[in-house]
Amino acid sequence: MSGPYVIRGSVSLPEAELMWRFSRSSGPGGQHVNTSDTSVELRFDLAATVALPPVWKERALQRLAGRLADGVLTVRASEHRSQWRNRETAAVRLASLLAEASAPPPKPRRPTRIPRGINERRLREKKKRGDTKRGRSGRGWD
């Protein structure tokens, strides 16, 4: 593994709380696939973790409710032929998923008024365009 996986700031995934499971994966690899456990399943108990600040944890539990099974978040990776690369992929995917889920909500949009000049210019251009199109018809040429 290439070290701790940073979620955001100084918060990272603790290696002790990650549960790994390996199995045979389908896909490229020929006969090698039949003998090696290259598919990776990474499980992280989000409900019981102490690595995340309580506010982040609540946010993540709420946003990932559809993906959780008994408070456990599961990520699978089997794109690569080597188990090591699949482990890296799964860990990075889990870290980015947690970072996105625990991010603070965006600031609410403050509605602004459209300036009168811009609106008048838009209407003027619409009128001009309509006149141009109206002038293309064959009416009035008699």
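This one's a predicted model, so the numbers in the text were calculated from it and none came from an experiment.
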A quick test of your reading: do over 12 heavy atoms of other residues, nucleotides or ligands sit less than 6.0 Å from CD of Glu58? no
Atom CG in Leu68, atom CG in Leu61: separation rounded to 0.5 Å? 6.0 Å
Could you give the distance from CG (Leu94) to CZ (Phe44), rounded to the nearest 0.5 Å? 6.5 Å
Taking the side chain as every heavy atom from C-beta outward, state whether Leu13 and Val6 have any pair of such atoms under 4.5 Å apart. no
Sequence neighbours excluded - salt bridge (Lys or Arg N to Asp or Glu O under 4.0 Å) pairs with any residue from residues 114-128: Arg116-Glu120
Side-chain heavy atoms of Arg21 within contact of Leu42, under 4.5 Å: no
Do Val92 and Leu64 sit in one hydrophobic cluster, given that two such residues count as connected whenever their side-chain heavy atoms are within less than 4.5 Å of each other, even indirectly? yes
Any heavy-atom pair between the side chains of Leu46 and Val72 that's under 4.5 Å? no
I want to check something: taking the side chain as every heavy atom from C-beta on, are Phe22 and Arg87 in contact at a cut-off of under 4.5 Å? yes
List the steps, then state whether side chain to side chain contact (heavy atoms under 4.5 Å, CB included) holds for Arg76 with Ser39. CA-CA 8 Å; Arg76 291 185 58 88; Ser39 179; 3.1 Å; yes
Taking the six-membered ring of Trp20, is NZ or CZ of Arg43 closer than 6.0 Å to its centre and within 45° of its axis? no
Do the charged groups of Glu79 and Arg93 touch, with an N to O distance under 4.0 Å? yes
Which atoms form the tightest heavy-atom contact between Ala90 and Val40, and what is the distance? CB-CG1, 4.2 Å
What are the two closest non-hydrogen atoms of Asp45 and Gly71, and how far apart are they? OD1-O, 3.2 Å
Can you confirm whether more than 12 heavy atoms, excluding those of Leu123, are under 6.0 Å from its CG atom? yes
Which pair of heavy atoms, one from Thr74 and one from Arg67, lies closest together, and at what distance? O-NH2, 3.4 Å
Donor-acceptor contacts, no H, no angles, side chain residues 101-113, under 3.5 Å, sequence neighbours left out:
residue : atom : partner : partner atom : Å
Ser102  : OG   : Leu98   : O            : 2.8

So with a 6.0 Å cut-off around CG of Asp131, is the heavy-atom count from everything else above 12? yes
When rounded to the nearest 0.5 angstrom, what is the spacing between CE in Met19 and CD in Glu17? 8.5 Å
List the atom of Asn86, the atom of Ala77, and the distance in Å for their closest heavy-atom pair. O-CB, 3.5 Å
Between the CD atom in Glu88 and the OG atom in Ser82, the distance rounded to the nearest 0.5 Å is 9.0 Å
